[in-house]
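The next block holds one structure in the form of structure tokens; read it before the comments.
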Amino acid sequence: MGSDLLDKGYEPHDVEHRWYEFWEANDLFSAEDQGPRRGYALVIPPPNVTGVLHMGHALNNTLQDILCRYRRLKGDNVLWMPGTDHAGIATQNVVERKLAQEGTDRHALGRERFIAQVWQWREKYGSAIINQLKRLGASCDWKRERFTMDEGLSRAVRKVFVELYHQGLIYRGNYIINWCHRCHTALADLEVEHAEIDGNLYHIRYPFADGSGGITIATTRPETMLGDTAVAVNPADERYHGITATAVILPLVNREIPIIRDAYVDMSFGTGGLKVTPAHDPNDFEIGRRHNLPSIKAIGDDGRMTGEAGRFAGLDRFECRKSVVQELQETGRLEKIEPYRHSVGHCYRCKTVIEPNLSRQWFVRAKPLAEKAIAAVKQGETRIIPEIWANTYFDWLENIRDWCISRQIWWGHQIPAWTCEDCGELVVAMQAPPDCPKCGGAHLVQEEDVLDTWFSSALWPFSTMGWPEQTPLLKTFYPTAVLVTGFDILFFWVARMMMMGLHFMGAVPFRDVYVHALVRDEEGQKMSKSKGNVIDPLDIIERYGTDAFRFTLAAFAAQGRDVKMSEKRVEGYRHFINKLWNAARFALMHLDRRYDPVKLDELCLADRWILSRLNRVSLEMAQALDTYRFNDAAAALYGFVWHEFCDWYLEAVKPALHGKLAPAARERSLGVLWRVLHDTLILLHPFIPFVTEEIWHKLPGTDGSIMRAAFPGEAAAAAPPPPDPEAEARMGLLIDVVSGIRNIRGETGISPALNLDAVVHPADDAAKAVIEQYRDMIVTLARLRSITVTDSAERPKASATAVARGATIHVLLEGIVDFAKERERMEKELGKLAKDFASIAKKLQNQDFLAKAPAEVVTKVMDQQRELLGRQQKIQSNLDKIREYGSAS
RNA sequence: GGGCGGAUAGCUCAGUCGGGAGAGCGUCGGCCUUACAAGCCGAAGGUCGCAGGUUCGAUCCCUGUUCCGCCUACCA
């Protein structure tokens with residue numbers, strides 16, 4: 001009591017800053033490279049260095065932090081490896097935009113100076129998201145923070161590239177890839193987002209070269225005809241069996257191109273004629289290879305038409321489409337235009353329409369790597385949770401195609417390959433070779449392209465731990481315990497980490513993958529800037545405090561269901577934080593030291609009960625977190641703190657604490673109160689770290705940070721008393737009796753200020769003993785003036801009755817209450833019972849049920865029937881008496 | 001085109017052996033009871049999407065169906 005008294009309401013702001021600094025200053029997030037404790041590691045899904053914290057990050061990192069803090073309390077050596085990735089395209093875009101504002105561009109600067117600028121940008125702004133994670137309370141081992149472009153991680157990237165190349169798993173070649181004209185780079189198939197678009201289907205007539213007729217083809221991209229090198233029909237298509245022409249004249253260009261026959265062509269589509277543009281369509285590319293067709297690149301890498309497009313050269317591709325259509329119309333080659341809805345690829349970074357484009361790129365041969373990644377999950381070396389995602393994972397890996405890893409940008413890991421200008425030899429090596437190993441020439445030029453950012457993040461679980469060195473860190477923490485991530489990067493990242501981890505470490509990168517849901521808005525819509533429904537996590541934190549926000553996220557993080565976020569929900573959990581705060585405030589008015597371990601046999605019922613419940617809740621919570629059921633853990637704690645600890649326990653022991661009972665009773669209850677608060681804070685700490693740390697320091701007898709505390713039942717902690725079913729049952733009886741009286745009071749509209757007289761008739765001796773022993777508790781909690789325990793089943797005159805498990809309660813209402821109301825109440829109660837009774841009776845009348853249902857189920861139902869019947873009879877007889885009384889009065 | 005998920009109280013959602021439907025919020029009624037009005041006490045509210053089937057018994061298992069959402073796919 002005294003100076004340490006808590007404020008009336010919890011104010012998160014100062015508290016959060018103060019304790020985060022304290023944790024960092026005291027090195028409480030640090031893992032030990034090695035040691036006797038069990039290693040438990042997570043690697044953070046590295047946010048883009050350009051990123052700002054959004055709801056997805058908040059959920060993802062809150063869940064990870066809960067696991068980390070929980071495992072620390074359990075005694076593990078926890079490593080949460082933080083960092084960011086260099087986000088090649090995104091970061092380059094940001095810096096290019098900045099240059100544009102300054103009236104220059106990267107080409108004017110040149111590669112080296114541009115990259116220097118990006119590094120500068122990173123120095124200045126790159127830690128924004130890290131600081132935001134700290135606001136969230138993330139207990140990452142910040143001293144180990146990594147960046148995918150760090151020297152160590154870059155060495156790992158080069159090593160992986162070189163080895164895969166020499167193993168034949170990386171190759172270079174001319175293929176159709178996805179080209180973003182705005183970002184000016186190739187993209188992997190995964191990086192293309194498909195969206196349905198209302199376009200047109202243009203039907204164009206290609207005349208036969210011999211003048212005997214023509215073929216009509218249909219296309220959604222008429223401008224690509226400038227690069228056509230054939231027209232194809234299906235060999236089985238009878239419509240084209242009679243034709244003698246072997247070539248057509250390409251309209252506008254007047255180039256003669258062959259008519260070929262290929263089974264790929266769908267006879268049912270349009271006229272069955274297909275224009276073939278090997279340089280601008282993946283299928284056409286394959287057809288071209290089968291028929292040795294030339295490839296003509298009509299659209300350049302800058303999105304403008306090339307010299308191959310003749311008079312259209314230099315036009316933007318979409319401008320060109322208009323011109324081509326217009327000219328086809330004018331020359332009568334355009335048969336019709338029909339509206340056509342089809343799926344079009346867009347760049348996942350800038351949403352520009354992707355153009356399939358022929359170019360020379362580097363690829364990872366994915367199949368052999370994928371096979372190992374599939375097997376590891378099939379054999380259970382890595383578990384995917386919830387399991388439903390395993391199917392998605394298998395499906396993608398089983399149909400995986402080679403991965404285009406080269407990007408035509410500057411910011412990233414430059415590909416460690418050199419070409420000899422003298423003899424053309426390609427050298428792939430960790431370092432720049434001094435001269436050509438083949439011809440000895442000194443003119444080696446490094447490949448200009450850089451690697452896909454995902455190539456480096458695929459190595460994250462081991463590159464961050466010092467690989468290719470065999471570090472103690474790797475030994476202690478690889479494979480990591482769990483990867484926590486959203487399903488949106490299951491393929492981008494998780495599958496690729498699996499492939500690389502298995503290939504280079506010979507072991508899976510993580511034992512578990514916990515896949516969580518998306519955070520949506522209140523209406524279930526995906527949050528997006530264009531919809532204007534984005535909720536900024538930092539705003540929420542500012543307004544409601546980090547703890548309330550984290551608890552909300554955890555409480556809604558049910559497996560397989562998206563999290564719908566709204567301020568109102570956070571507000572609700574802020575009330576919970578405040579409730580805890582005030583419970584602690586109350587406790588601290590009485591607690592003034594550390595209390596000795598409790599002696600069970602001396603305790604009162606409420607004390608024994610709350611300890612038993614505490615024990616069960618700690619088990620429940622541990623089990624829930626061990627199986628990634630965050631919402632179950634949160635709900636168990638919420639219910640325990642509010643509805644058991646606050647609503648019943650604190651109220652029950654108030655008389656003792658206020659000194660209304662013997663001093664010894666006060667001491668015993670203080671000991672239990674201390675213990676329960678102490679342990680409850682520990683249980684809550686993973687979810688709401690700040691407020692628990694704050695209260696922890698106010699609680700007498702605690703030592704240092706709550707982060708260093710031991711989970712109830714762990715070696716360093718005092719073992720909690722075992723569950724006590726007897727205490728739970730007895731307390732349940734008292735709760736029922738009190739609730740029965742409160743119900744009468746509420747339903748009949750008696751003022752809470754009025755102290756009532758009650759007569760209780762226990763069902764048996766055991767119940768009688770409990771009620772007599774704890775009559776004071778009933779008096780206090782039910783606000784009675786007196787309580788009489790009687791063996792008589794006789795109902796006192798002018799009373800209202802409640803039937804609890806194990807006791808009948810009469811509240812004397814002479815002159816207090818309107819008996820019409822009381823009669824109504826009893827009739828309602830009777831109606832409810834009748835409904836329940838009917839369903840049970842129906843069951844018991846069913847011979848099949850009696851014959852076929854398991855014996856214990858039948859017994860149970862019969863017990864239920866007996867109990868219902870008893871209640872029904874008591875209420876009925878009371879009702880009869882009320883009717884008498886009512887008519888008499 | 002293929003695949004997956006959801007549909008339970010006014011709202012958001014739990015419900016993992018098939019055995020009397022739960023929580024939070026909201027609503028209604030009553031309370032400033034010396035931790036908390038960000039609170040306390042009480043209450044109302046559900047054909048568990050629809051139609052079949054299996055079963056003694058179905059929110060749960062099976063089949064079909066409707067609506068919503070998502071992922072995937074090279075049909076011009």
| task | Using the C1' atoms only, state how far B:U12 lies from B:U27, rounded to an integer number of Å. | result | 15 Å

| request: Could you grab the distance from atom NE2 of A:His658 to atom CZ of A:Arg666, nearest 0.5 Å is fine? | output: 9.0 Å

| request: Answer yes or no: side-chain N or O of A:Lys654 and base N or O of B:A35 forming a donor-acceptor pair under 3.5 Å. | output: yes

| said: Regarding A:Asp547 and A:Arg574, does a basic nitrogen lie under 4.0 Å from an acidic carboxylate oxygen? | reply: no

| Taking CD from A:Glu193 and P from B:A73, how many angstroms apart are they, rounded to a whole number? | 12 Å

| message | Within the 4.0 Å heavy-atom criterion, would you say A:Asp647 contacts the bases, only the backbone, or no part of the nucleic acid? | response | sugar-phosphate

| A:Arg543 bridged to A:Glu571 by N-O distance under 4.0 Å | no

| field | Length of the line joining A:Ile741:CD1 and B:G42:C1', which is rounded to integer Å | value | 14 Å

| request: Calculate the interatomic distance between A:Asn743 atom CG and B:C41 atom P; express it in whole Å. | output: 14 Å

| note | By nearest-heavy-atom nucleotide on RNA chain B, the more 5' of A:Lys8 and A:Gln864 is A:Gln864

| request: Go through the steps to decide whether A:Tyr206 and A:Asp228 satisfy the test side-chain hydrogen bond (donor to acceptor under 3.5 Å, both in side chains), and finish with yes or no. | output: CA-CA 11 Å; A:Tyr206 285 19; A:Asp228 283 2; 2.6 Å; yes

| query | Should stems be defined as at least three consecutive Watson-Crick or G-U pairs with both distances under 3.5 angstrom, which of them involve RNA chain B? | reply | B:1-7 with B:66-72, B:10-13 with B:22-25, B:27-31 with B:39-43, B:49-53 with B:61-65

| message | Is there, by distance only and without an angle test, a donor paired with an acceptor across the side chain of A:Lys568 and the base of B:C25 below 3.5 Å? | response | no

| request: Consider the side chain of A:His194, meaning its heavy atoms from C-beta on, and name the nucleotide among B:C74, B:C36, B:G20 that approaches it most closely. | output: B:C74

| message | Can you tell me how the ring of A:Phe645 sits relative to the ring of A:Phe640, calling it parallel under 30°, perpendicular over 60° and tilted otherwise? | response | parallel

| query | At under 4.0 Å between heavy atoms, what does A:Pro854 touch on the DNA or RNA strands: base, sugar-phosphate, or nothing? | reply | base

| task | Provide, to the nearest angstrom, the distance between the NE2 atom belonging to A:His342 and the C1' atom belonging to B:G1. | result | 17 Å

| query | Base, sugar-phosphate alone, or nothing: which one does A:Lys843 contact when heavy atoms must sit under 4.0 Å apart? | reply | sugar-phosphate

| said: Considering every strand and a 4.0 Å limit on heavy-atom distances, what is the contact class for A:Asn846: base, sugar-phosphate, or nothing? | reply: sugar-phosphate

| request: Have a look at A:Glu747 and say if it touches a base, only the backbone sugar-phosphate, or nothing, with a 4.0 Å heavy-atom cut-off. | output: sugar-phosphate

| said: At 4.0 Å (heavy atoms only), tell me whether A:Leu868 reaches a base, stays on the sugar-phosphate, or touches nothing. | reply: base

| query | Between the side-chain atoms of A:Glu651 and the base atoms of B:A35, is any donor-acceptor pair under 3.5 Å? | reply | yes

| field | Residue of the set A:Phe549, A:Tyr638, A:Tyr544 for which ring pair (Phe, Tyr, Trp, His ring centres under 6.0 Å) holds with A:Tyr573 | value | A:Tyr638

| Which part of the nucleic acid, if any, lies within contact of A:Tyr202, taking any heavy atom under 4.0 Å across all strands shown: a base, the sugar-phosphate backbone alone, or nothing? | nothing

| Is the charged tip of A:Lys654 near the ring of A:Phe586: under 6.0 Å from the six-membered ring centre and within 45° of its axis? | yes

| Touch check for A:Arg745, heavy atoms < 4.0 angstrom, all strands: base, sugar-phosphate only, or nothing? | nothing

